[in-house]
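Below is one structure, written out as structure tokens; comments come after it.
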2 protein chains.
Amino acid sequence: MISKALVAASTKPIILSILLNGENYGYKIIQRVKKISGGILEWSDGMLYPVLHRLQKDEFISSQWKISEEGRYRKYYRLTDLGKKELEAEKKQWMSVHEALAKLWKPSPAFD
Amino acid sequence: MISKALVAASTKPIILSILLNGENYGYKIIQRVKKISGGILEWSDGMLYPVLHRLQKDEFISSQWKISEEGRYRKYYRLTDLGKKELEAEKKQWMSVHEALAKLWKPSPAFD
DNA sequence: CTTGCATACATAATGGCATTAGGTATATAA
DNA sequence: TTATATACCTAATGCCATTATGTATGCAAG
């Protein structure tokens, strides 16, 4: 189980990253996250949809209802230009924190 | 600026990691975090102290008031055995999420 | 000698956001 | 026809960083 805080920190970059590969819809995103994480991240739909709505409100993603070939209605999300920039910012943030942790986790961490 | 969510996700592992190098006190931890992160992480004391209290309540760290050589009272925190285990668990969690993100950030990410 | 800054700890109020639990609807396989 | 997978939505709850505020000491500048 991944802690609540870590889930909170990773949902946004993960969703934006997935949408960078092309439009996608909620239900599929959940499956994709599960697969990519090797089953470690199992998002609930009740968790995902509010995040998608917030990302759209912030104009990082846009949505469009479509009927798939199977004849099912789906809400497809697409990354906006603003969303691409936001993803880059998120990536930088994540990496800088990760590097700080990596330093601390080295066999002989630097003392101040 | 690091997002609130990412700060929330990293405070606990960072504090536990710092205390793995020996006992330390609040004010010093803030400086250490700033230095290690290259100035990217600037914790406020109002943020740190409640975290320390919570970690102590959860028995991941213990505290002891001491008078330093300079004659100042300081509350020194030390990692408990439970805290060491918790740190290992936090480390694993972080790394698994990081690896999921790394996959998504590869030049040609795997499609599902 | 007092004024300001760094050191050092603490807590109350606020707001953001994952979690949980509920709800609706369709397609398909048993 | 009944269960399961698909596909979306939202309200209530609780955790926790943030912000603001308070207390106290040591030291250097003027």
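Letters go in sequence order (proteins before strands), and every chain restarts at 1.
Base engagement by A:K4 is indicated by at least one non-hydrogen atom pair under 4.0 Å involving a base atom. Within the 4.0 angstrom heavy-atom criterion, base atoms lie near B:S44. The residue A:W43 sits apart from the nucleic acid: no heavy atom pair falls under 4.0 Å. A:G26 comes within 4.0 angstrom of the backbone, heavy atoms only, and of no base.
In this structure, A:K35 and A:Q31 have side chains that are not in contact, with every pair of non-hydrogen atoms separated by 4.5 Å or more.
In this structure, a donor-acceptor pair under 3.5 Å is present between the side chains of A:R74 and A:Y76. Residues A:S63 and A:Q56 bring a donor and an acceptor atom of their side chains to less than 3.5 Å of each other.
The nearest whole Å value for the distance from the CG atom in A:L55 to the C1' atom in C:dG16 is 14 Å. Rounded to an integer number of Å, the gap from A:Y49 OH to D:dA11 P is 17 Å. Atom NZ in B:K75 sits roughly 17 Å away from atom C1' in C:dT7 (whole-Å rounding). Rounded to whole angstrom, the span from the CG atom of B:D45 across to the C1' atom of D:dT23 amounts to 12 Å. Per the geometry, CD1 belonging to A:I67 stands 14 Å off P belonging to D:dC8, to the nearest Å. Here D:dT6 presents its P atom at 5 Å from CD of A:Q31, a figure rounded to the nearest Å. With rounding to whole Å, A:Y25 atom OH is found 15 Å from D:dA5 atom P. A:L52 has its CG atom 14 Å from the P atom of C:dC17, to the nearest Å.
In this structure, A:S17 contributes its side chain and B:L104 its backbone to no donor-acceptor pair below 3.5 Å.
Each of A:Y77 and B:M1 was matched to the nucleotide of DNA chain D holding its nearest heavy atom; the match closer to the 5' end belongs to A:Y77.
Here C:dT26 is the nucleotide among C:dA6, D:dC9, C:dT26 with the atom lying nearest to any side-chain atom of A:R72. Here C:dA18 is the nucleotide among C:dA18, D:dA17, C:dT11 with the atom lying nearest to any side-chain atom of A:V51. Taking the side chain of B:H53 as heavy atoms from C-beta on, and the options C:dT7, C:dA10, D:dA17, the nearest nucleotide is C:dA10.
Proximity of A:R74 to the phosphate of D:dC8: no side-chain N or O atom is located under 4.0 Å from OP1 or OP2.
Shown here is B:E59, whose CD atom has no more than 12 heavy atoms of other residues, nucleotides or ligands within 6.0 Å.
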